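Here is the structure we will look at.
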Amino acid sequence: MSVLVQLEEVGVTIDLTPIIDRVSLEVSEGDCLAILGPNGVGKTTLLRLIATLITPSSGRGRVLGAALGSRAVLAVRDRIGLAGHFPALAGPLTLAENLRLVARLTGRGDGSVGAALDLVGLAGAADRTADQCSHGMRRRADLARLFLHPPQLLLLDEPHAGLDASAAPIVAELVRRVRNAAGAAVLVSHDLTGVGHLAARRLWLDAGRLEPSE
Amino acid sequence: MMFWRQAMTIAGHELLLERRAGETWSIIVPFAGAALIVVPMAIGTDLQLISRIAWPLYWAMVLLFGMQIAWRHSASERTPVREVMILLGVDPAARFVGRVLANALLMTVFMVGVGLLSLLLYSPVSSPGFGRFALVVLLFAAGLAQLSTMAADLTLGIGARAALAPLLVAPLAMPLLIGAAQSTASVTRTGVILPWLLMLVLADLILAVVGLLTARALEEAAI
């Protein structure tokens, strides 16, 4: 199985403050890795680093074969899917219109939008604007984006935050699809109960350092 | 082909956002209209003077208020949306072109609206004629849209953006302002506007090249 993410002694310093300190990890095809830790220890920063949105201050890393900090990452970014704390939706547009933008930019037909919304239980809310939706609905719509344009490397930040219990199978299904398609998932959370059953491996992040989790 | 499909999709998205949010019509146009009304009050009852300065005032107003169109709240994408665009592999140059097309279209409509209001309020001593005026408006809108879109990217995430962006755009927009104002003035003075139109075309081309070449660097810097 090929390695999709490889970090070697990677550090990230933002505004002179070290956030990530000499982190090393590997994620291979079919993996689902959970990174756990309390608030403010650098989980989101680590996820954004893997998403190639942050350049490491020290150490070396490769994501989908591209060296972090090099121009090669530009060619692999469209195989990375990230759902962060805040749903990536334009408030004045309907959920369908938001997803239609993704469908069109990735060369898919508008017809795929309805199916993606159906998968996350929002078929009946397609014509509601994102501003009219609850936070939980917006998070579901963000997951629908990842069903619409399935990534090889799935990155979820606090995947269950703001979602009710009925949404847990949606996250599980998304992770399952990515893993089955020779991809991998990295989930970060402060709460083991949500992601524990999804992840085959767990690491604990504290003060920017990674350790194996119990 | 992919480039233009992405650019047109982004342009359509921006226009749809503006249609829903309506910032240009509900905020920028009323402010520009208010500014046009305030000026004659400050000048007083000298109607001849008001008629003489009608076009220079018009160009100053569309420069100052037109640039706001590129920075309207609904157009300044929130960080998560921008990051999704990056992770979808959208070409930053295509995004730049798409946003410029949308902004240029909005600015053109805005300029026509403010132009009609100027005719109504100021009764300018001369008119450049619809065809020539339309050409100058299109060239001016294209240049201002490119410059304002670049400034929007450059100042993204900066707290003092509202003050900083106009400071960046105003000096760099001088060739556009001079070209447009002189085109309008020359129609009545000499009838020769070709050199000023060429100046506008050249400014537009330079801005297009700079915008396309810097799109990726500006996007990466804004992450």
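It should be emphasised that the depicted structure is a prediction, and the values quoted were computed from it without experimental measurement. Proteins get letters first, then strands, A, B, ... in listed order; numbering begins at 1 in each. Basis for what follows: all heavy atoms, side chains included, without hydrogens, waters or symmetry-related copies.
The one candidate from B:V84, B:L87, B:I86 that meets the side-chain contact (heavy atoms from CB on, under 4.5 Å) condition with A:L82 is B:L87.
Taking both residues in full, the closest heavy atoms of A:H149 and B:L88 are given as CD2-CD2, 3.4 Å, listed atom of the first, atom of the second, then distance. Between B:V81 and A:A88, the shortest heavy-atom distance links the atoms CG2-C, 3.8 Å. Closest approach of A:P87 and B:P80 over heavy atoms only: O-CB, 4.1 Å.
The candidate from A:I80, A:T52, A:V102, A:L101 with the greatest count of non-hydrogen atom pairs under 4.5 Å with chain B is A:L101. Highest contact tally toward chain B, considering only A:L89, A:D142, A:T106, is held by A:L89 [criterion: heavy-atom pairs under 4.5 Å]. No other option in A:R100, A:H85, A:R48 has as many heavy-atom pairs under 4.5 Å with chain B as A:R48.
Here B:E83 does not pair with A:R145 in a salt bridge; the nearest charged N to carboxylate O distance is not below 4.0 Å.
There is no contact between A:P151 and chain B, counting heavy-atom distances below 4.5 Å.
Put simply, the side chain of B:R216 reaches to within 4.5 Å of the side chain of A:L74, judged on heavy atoms. No side-chain heavy atom of A:R104 sits under 4.5 Å from any side-chain heavy atom of B:H13.
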Item to complete: Take B:E220 and A:T55 through the test side-chain contact (heavy atoms from CB on, under 4.5 Å) and record every step on the way to the result.
Response: CA-CA 10 Å; B:E220 292 292 321; A:T55 304; over 6 Å; no
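Note that CZ of B:R82 and CG of A:L53 are 10.0 Å apart. Values are rounded to the nearest 0.5 Å.
The local environment of CZ in A:R60 is sparse, with at most 12 non-hydrogen atoms from other residues, nucleotides or ligands closer than 6.0 Å. Around CE of B:M199, the count of heavy atoms belonging to other residues, nucleotides or ligands within 6.0 Å exceeds 12. Summarising the local packing, CZ of B:R20 is surrounded by more than 12 heavy atoms from other residues, nucleotides or ligands at distances under 6.0 Å.
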